[in-house]
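A note on names: the letters A, B, ... follow the listed sequences, proteins ahead of strands, and every chain is numbered from 1.
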Amino acid sequence: MDDIAKSVPVIDIQWIRDWKKLRSSDSDHDDFVPSLPPVMATSAISSSSGAEILNRRFKDLPPEELQFDDEIARRREAEANVDIAPGFINSKYECLRPTPYEPKYNRKLVSLLLLLERKRHLDNEPKRSLSYRHAISAIKAYPREIQSSKEAEKIIGVGKKMAEKIKVFLHTGTIEEADKLRYDEQFRTLSLFSKVFGVGVTTARLWWDMGYRTLQEVLASAKLTAAVQLGIELFPDFDQSRGKTKNGDVDLIISSKRPDNMKGFLNKLTRRLIEKNYLKHKLWNSTEIKKISHLERPSAGARQVFDSFEKPSTGIRRQVDLICVQPDELGTAILGWTGSKQFERSIRDYAKKEKNLLLNSQAMHLEQNGKRKKYVVHSEKDAFDMIGIPYLEPELRNC
DNA sequence: GGGCCTACG
DNA sequence: CGTA
DNA sequence: GCCC
């Protein structure tokens, strides 16, 4: 633990603004990288809060809070066969309807279903987890309180088994399996472990099976790769439950009018950021050179992930994803990196199944009689139009 | 009973 | 296996 | 676990 940094450099967001200004005036220069401002301040991280998290042991701790309101569920009219809410876009494609970050209705039900989804995920049942994801997204978007399980089952994504759970919820105010998870040491420990960068459900369960119950025990005892050790040491900084802000990480998508040197730019930029001590750790790196056949020359698709700064006066570290793309990839890159995860899955699913359009974060292709035709997507709006679905603001993509 | 986003290291 |  |  002693080698965990006790302080981090912070940077003014003004640097980003200056960068943008410089970029527009001097963007043709081949390997232009803005000069960097001096580090503004160094602020201490309180090591006690970090240590508390690393030593957190869930045995005998108070139960996990529900994601949304822990309201007392009112008793509803039993099994009224009401119509589905008017105006609700009842589809298996989440990308067709607005989904708020926080639901107005059915908040406790959503909170309980989220616990069950996470449980299926941690139990390595990704298909069942996905089913819960679909149902949760639909209920988050549903525009009124659900009155009965009959009503719930009319929602596409809610099947017999979930309707039964909802029925019990409407009568008792809770779902026993979900509520028990809030007190469940294994569930909570696996949840914690899998939040560490580089640790998924398999590693989390491996650690549990080896008898570890805190991250500190893992640090002390397990044979760890350097990457995972770094992930644990950074965890207190990245932990989002402590902060007020909802989004902990920052994505920067960088493009250039010069199509052929994005890899060089990214390498130069990151090297300079490291030299100047803005980036403390490189968590991940991808700089593969891809062949673009019709250009007959190598082109770059690249992405990097770092730990960094970004909050003056708080000293909170941020994960920063740097993504460099070619200009004709900018629209799909922004669409693909904005999320939510479920929104991305949904819009790609819809594009393929309904429009024969293959979508990823680099391009959109039309597939017809065995041939693939590339479409250039200039903006997010462009992408929605080409797919033929109504535009959704990013704030309403919380599927 | 098949499919469940897609790509990357 | 993990990341987005 | 649910849709098609």
Does A:Arg397 make a cation-pi contact with A:Phe343 (under 6.0 Å, within 45 degrees of the axis)?
yes
Output the rounded distance in Å from CD1 (A:Ile323) to C1' (B:dG9).
15 Å
Check every atom of D:dC3, B:dA7, B:dC5 against the side chain of A:Lys92 and return the nucleotide holding the closest atom.
D:dC3
Separation of A:Leu170 CG from A:Ile146 CD1 (nearest 0.5 Å)
7.5 Å
Using a 4.0 Å heavy-atom cut-off across all strands, classify A:Lys165 as base, sugar-phosphate, or nothing.
nothing
Ranking B:dC5, C:dC1, D:dC2 by distance to the side chain of A:Thr203, first place goes to C:dC1
Could you give the CG-to-P distance, from A:Asp349 to B:dT6, as a whole number of Å?
7 Å
Decide yes or no on salt bridge (Lys or Arg N to Asp or Glu O under 4.0 Å) for A:Arg205 and A:Asp209, but give the supporting numbers first.
CA-CA 6 Å; A:Arg205 188 166 291 276; A:Asp209 288 343; 5.3 Å; no
Take atom NZ of A:Lys341 and atom C1' of B:dC4, then tell me their distance rounded to the nearest Å.
12 Å
Picking from B:dC4, C:dC1, D:dC2, which would you name as closest to the side chain of A:Lys353?
B:dC4
Base, sugar-phosphate alone, or nothing: which one does A:Lys127 contact when heavy atoms must sit under 4.0 Å apart?
base
Calculate the interatomic distance between A:Lys352 atom NZ and B:dG3 atom C1'; express it in whole Å.
9 Å
Which part of the nucleic acid, if any, lies within reach of A:Ser361 when heavy atoms closer than 4.0 Å are counted: base, sugar-phosphate only, or nothing?
nothing
Can you tell me how far P in D:dC4 sits from the matching atom in B:dC5, rounded to whole Å?
14 Å
In Å, rounded to the nearest 0.5 Å, how long is the span from CZ of A:Phe169 to CG of A:Asp179?
10.5 Å
Could you check whether A:Val228 gets within reach of a base, just the sugar-phosphate, or nothing at all, counting any heavy atom under 4.0 Å?
nothing
Need one value for A:Ile156: base, sugar-phosphate or nothing, where a base atom within 4.0 Å counts as base even if backbone is also close, heavy atoms only.
sugar-phosphate
Within the structure shown, what part of the strands sits under 4.0 Å from A:Leu358 by heavy-atom distance: base, sugar-phosphate, or nothing?
nothing
Looking at B:dG3, C:dT3, B:dT6, which one has an atom nearest to any side-chain atom of A:Phe197?
C:dT3
Looking only at side-chain atoms of A:Leu130, point me to the closest of B:dC5, C:dA4, C:dG2.
B:dC5
If you measure from CG on A:Asn124 to CG on A:Leu190, what distance do you get to the nearest 0.5 Å?
11.5 Å
Of the listed nucleotides B:dA7, D:dC2, C:dA4, the one nearest the side chain of A:Asn360:
B:dA7
Quick note, A:Ser131 side chain, CB onward, closest among D:dC3, D:dG1, C:dC1 is D:dG1
